[in-house]
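A short worksheet on the structure shown next.
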Amino acid sequence: MTETGTPQLNAAELLQELLSPAGRADPFPLYAAAHRLGPVLPMSDDIFLVVGYGAANDVLRSPSFEIPTEPSSRPSLDLMQRSILRTNPPDHGRMRSLIGQVFTPRRVAGLQPTVEAAVDELLDALPAEVDFMDRFAFQLPVTVICELLGVPTADRHRFRPLASDLTAALELTDTADEAADAAAAELGEYFTHLIRNPPAGGLVSALVAARDADDDRLSDEELLANLILLLVAGFETTTDLLGNGLAILLDQPDQLTDPAAFVEEVLRYDSPVQVTTRVARDTVDVAGTSIPAGSNLVLLLGAANRDPARFTDPDRFDPLRTGNKPLSFGAGAHICLGNSLARLEATVAFTHLRAATITRTGEPTRRNRLVLRGYQTLPVTIRPGRLAGYFTTDPLQQASDNTTR
Ligand code: HEM
C-alpha cells in the first residue's frame, strides 16, 4: 500500500481497476497512483498507458500517432469509423476542412441568443423537484445542436437513449452490443431521410449543398456518419459537462464567481471525456519511453488533467488557477470541433444557474462508463432567481447563507 492507501499497481492492473465498477465510479485515486509510476506506462511491448499531461499533449499533437482504424464487424463502430473522429490523413483533413467551412466560429457565436433563450425557457419550465440531467443538462445541448443542424426540435426526445446506446461503442471494453448497432441503424435511417429532405438554414442543408457542389469532397456515407457524429458529440458530452459542474457546485457552493473559469476547471477536474486512443505510425520517444511503430496507446485525458507535474494541488477544485489548459477537448488535428460551442453553452448555463437556489434532494447516480464520464440522474430542487444567488446542499445552511449575503 502507498501512504494514500492505494495499493501500488502496475500499468495493466491499473487499467483493469479503472475498468471495474469502482474504478469507473472514482478513477482519481488510480490516476494519482499512475502518476507515481511515470508519464508513460508500458503494459506490454506494444501497448502503453499515457498519463502525463506533457506526454498526452505531445502524442495528440504529433503526426506520428494516428487514430486506430482496425475494421469492425459491428455496424455501430463501422459508422463511427467513417466520421472525422475516427479517420486519418488525407481523409480527415479533407472532411474536417469541409465541415469547418460550415461550422464556423461566427455561426457558433451567432448561437448565443439561442442558448440564452433556451436556458431561460428551461429554467422557467422546471418543476420544483427535478432530475437535473433529464430536465436541463440533456435538454439544453440537444436543443442547441438540433437548432444548429436544422433537426426538427420535436424529434429531440428520441436522441438521449440512442446516443447513449451508440456511444457505448466508444468504451474500451466490449460494450458495443446489439443496442449500439440498433441505435446506429435508427440514427442512420433518421438522417438518411433528413439528407433527402434537408430543412433550410441548418448544417444538414449546408453539408448536403457542399456534397452536391463537389462529389469528391464528401461521400454519402461520410456525410451520414459526420451528421450523426455532430448530433451525438454535440450533446452527450455537453450534458455530462453540465451535470459534472452542477454536482461540484452543490458540494462547493462558493466556487462560482467567474462562470467561464468555473467551466474550465470543471473540464479539468471532472472531464466528460476521460480517455482516447492512438496508434504509433513510427517509432517515437515520448517522455523518455521508446514507443515502437504499431503500438497502441491508451491516453488517459482525465489523468493528464490531474498531473501534479502540470497542475499544483491537482485534486483540488480551483477555478482561480492560472494557465488552466485541460486536455478535455483533446489537442492537435482532432481537437474538438465543438469546443467553443460547449464552452458557450456551459458558461451561459452556469451564469443563469448562479442566480438560482439549488438543493440536492437525493443521491445522484453515475453512468457506468469510463470513457464518457457523467451522471445518469442528479435529483435537485431548483428555484430560478434573477439576482446573485447561492447554492447549498443543506436547507439550514441555505437559510443562514441567505442572511449573510
Ligand atoms: C464538453 C463537451 C465536449 C467534450 C469534452 C468533447 C471532447 C472531445 C474530444 C476529447 C475530442 C477529440 C477526440 C480525440 O482526439 O480522439 C472531440 C472531438 C470532436 N468533437 Fe467534441 N467534445 C465536446 C463537445 C462537442 C460538441 C458540442 C460538438 C459539436 C457540436 C463536438 C464535436 C466534435 C467533433 C466533430 C469531433 C471530431 C473532431 C476531429 O476528429 O477532427 N464536441 N471532442
Side-chain angles (χ1 to χ4, degrees), residues 50 56-57 59-62 65-69 80-89 91-100 102-105 107-108 111 114-115 137-138 140-151 159 163 167 170 172 202-204 207 222 225-245 263-279 297-302 304-305 326-347 349-350 369 371-374:
V50 181
N57 195 28
V59 168
L60 288 167
R61 290 171 190 275
S62 163
F65 296 96
E66 295 195 329
I67 302 284
T69 54
M80 275 189 252
Q81 304 279 32
R82 292 166 204 269
S83 75
I84 51 172
L85 184 66
R86 306 306 291 170
T87 41
N88 288 309
D91 293 337
H92 176 260
R94 168 177 56 81
M95 289 194 270
R96 179 137 179 157
S97 70
L98 188 79
I99 296 171
V102 296
F103 189 1
T104 56
R107 202 186 271 256
V108 172
L111 280 169
T114 306
V115 176
F138 160 67
L140 173 63
V142 86
T143 302
V144 174
I145 194 69
C146 284
E147 180 89 17
L148 179 67
L149 288 171
V151 171
F159 299 134
T167 55
L170 292 175
L172 299 178
L203 283 192
V204 176
L207 282 173
E222 289 167 348
N226 281 302
L227 285 173
I228 294 174
L229 170 71
L230 283 171
L231 173 80
V232 171
F235 76 80
E236 252 225 327
T237 44
T238 313
T239 298
D240 290 338
L241 174 60
L242 295 170
N244 295 356
V263 167
E264 220 50 29
E265 180 66 347
V266 175
L267 283 163
R268 184 195 71 83
Y269 186 81
D270 201 6
S271 174
V273 179
Q274 293 278 319
V275 183
T276 190
T277 51
R278 289 295 188 268
V279 64
L297 285 78
V298 178
L299 277 68
L300 298 180
L301 303 177
N305 285 345
L327 290 179
S328 316
F329 290 117
H334 287 271
I335 190 165
C336 177
L337 200 62
N339 73 79
S340 51
L341 178 58
R343 285 184 167 113
L344 171 69
E345 288 180 41
T347 305
F350 282 106
R369 299 274 179 96
V371 174
L372 296 185
R373 183 170 168 79

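When a ligand or atom number is given, it counts from 1 through the structure's own listing order. In what follows, residues are counted from 1 in the order of the sequence shown.
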### Task
Answer yes or no: is there a donor N or O on one side and an acceptor on the other, between the side chain of Thr104 and the main chain of Arg107, under 3.5 Å?
yes

#### Entry: Option among Val144, Leu241, Val108, Thr143 that satisfies the side chain to side chain contact (heavy atoms under 4.5 Å, CB included) test with Glu345
Val144

### Query
Which of the atoms of ligand 1 are close to Gly330, meaning less than 4.0 Å from one of its heavy atoms?
10 (C)

### Query
Does Ser271 reach the main-chain N or O of Arg268 with its side chain, forming a donor-acceptor pair under 3.5 Å?
no

### Query
Backbone N or O of Glu222 within a donor-acceptor pair of the Asn226 side chain at under 3.5 Å?
yes

### For atom 35 (C) of ligand 1, the protein heavy atom that lies nearest, with its residue and separation
Leu229 CD2, 3.6 Å

### Atom pair CZ (Arg86) and CG (Asp91), whose distance is rounded to the nearest 0.5 Å
14.5 Å

### Task
Please could you name the atoms of ligand 1 that Leu85 approaches to less than 4.0 Å, counting only its heavy atoms?
13 (C), 18 (C), 37 (C), 40 (O)

### Task
Would you mind checking which non-hydrogen protein atom is closest to atom 28 (C) of ligand 1, with the distance to 0.1 Å?
Gly338 CA, 3.5 Å

### Message
Students often mix this up, so state it plainly: with edges at 30° and 60°, are the rings of Phe138 and Phe235 parallel, tilted or perpendicular?
### Response
perpendicular

#### Entry: Whether Glu345 lies under 4.0 Å from ligand 1, heavy atom
no

### atom 12 (C) of ligand 1 [closest protein heavy-atom partner, distance rounded to 0.1 Å]
His334 O, 3.4 Å

### Task
Around atom 24 (C) of ligand 1, find the nearest protein heavy atom and jot down its residue, atom name and distance.
Thr237 OG1, 3.3 Å

### Summary
If you compare Cys336, Gly245, Ala342 by their heavy atoms, the one closest to atom 42 (N) of ligand 1 turns out to be Cys336

### Query
Looking at His92, which atoms of ligand 1 are within less than 4.0 Å of one of its heavy atoms?
39 (C), 40 (O), 41 (O)

### Message
Just to confirm my output: which protein heavy-atom neighbour is closest to atom 6 (C) of ligand 1, and how far is it?
### Response
Phe329 CD2, 3.6 Å

#### Entry: Donor-acceptor contact present, side-chain Arg373 to main-chain Pro272, <3.5 Å
no

#### Entry: Main-chain N/O of Ala137 paired with Thr239 side-chain donor or acceptor, under 3.5 Å
yes

### Message
At under 4.0 Å between heavy atoms, is it the side chain or the backbone of Leu241 that contacts ligand 1, or both, or neither?
### Response
side chain

#### Entry: Contact atoms of ligand 1, heavy-atom distance to Ala333 under 4.0 Å
41 (O)

### Query
Which atoms of ligand 1 have any heavy atom of Ile145 under 4.0 Å away?
30 (C)

### Summary
Note: ligand 1 atoms sitting under 4.0 Å from heavy atoms of Phe103 are 29 (C), 30 (C)

### Message
Can a donor-acceptor pair be found, under 3.5 Å and without considering hydrogens, that links the side chain of Asp240 to the backbone of Leu372?
### Response
no

### Task
Before signing off on this row, confirm whether Ile84 and ligand 1 have an N or O atom pair separated by under 3.5 Å.
yes

### Task
Would you check if the side chain of Asn305 reaches a backbone N or O of Gly302 as a donor-acceptor pair within less than 3.5 Å?
no

#### Entry: For atom 5 (C) of ligand 1, the protein heavy atom that lies nearest, with its residue and separation
Ser328 O, 3.6 Å

### Task
Could you tell me which atoms of ligand 1, counted from 1 in the order shown, lie closer than 4.0 angstrom to a heavy atom of Val273?
5 (C), 7 (C), 10 (C)

### Query
Which atoms from ligand 1 have a heavy atom of Arg278 less than 4.0 Å away?
14 (C), 15 (O), 16 (O)

### Query
Nearest protein heavy atom to atom 36 (C) of ligand 1, by residue and atom, and its distance?
Leu337 N, 4.1 Å

### Query
Does Leu344 offer a backbone N or O that forms a donor-acceptor pair with the side chain of Thr347 under 3.5 Å?
no

### Task
Indicate whether any N or O donor in one side chain lies under 3.5 Å from an N or O acceptor in the other, for Ser62 and Arg278.
no

### Query
Atom CG in Leu341, atom OG1 in Thr238: separation rounded to 0.5 Å?
6.5 Å

## Note on the structure
Note: heavy atom closest to atom 38 (C) of ligand 1, options Met95, Arg86, Arg96, belongs to Arg96

### Message
With the threshold set at under 4.0 angstrom, would you say Pro141 reaches ligand 1 through any of its heavy atoms?
### Response
no

### Query
Which protein non-hydrogen atom lies closest to atom 16 (O) of ligand 1, naming both residue and atom, and how far is it?
Thr276 OG1, 2.6 Å

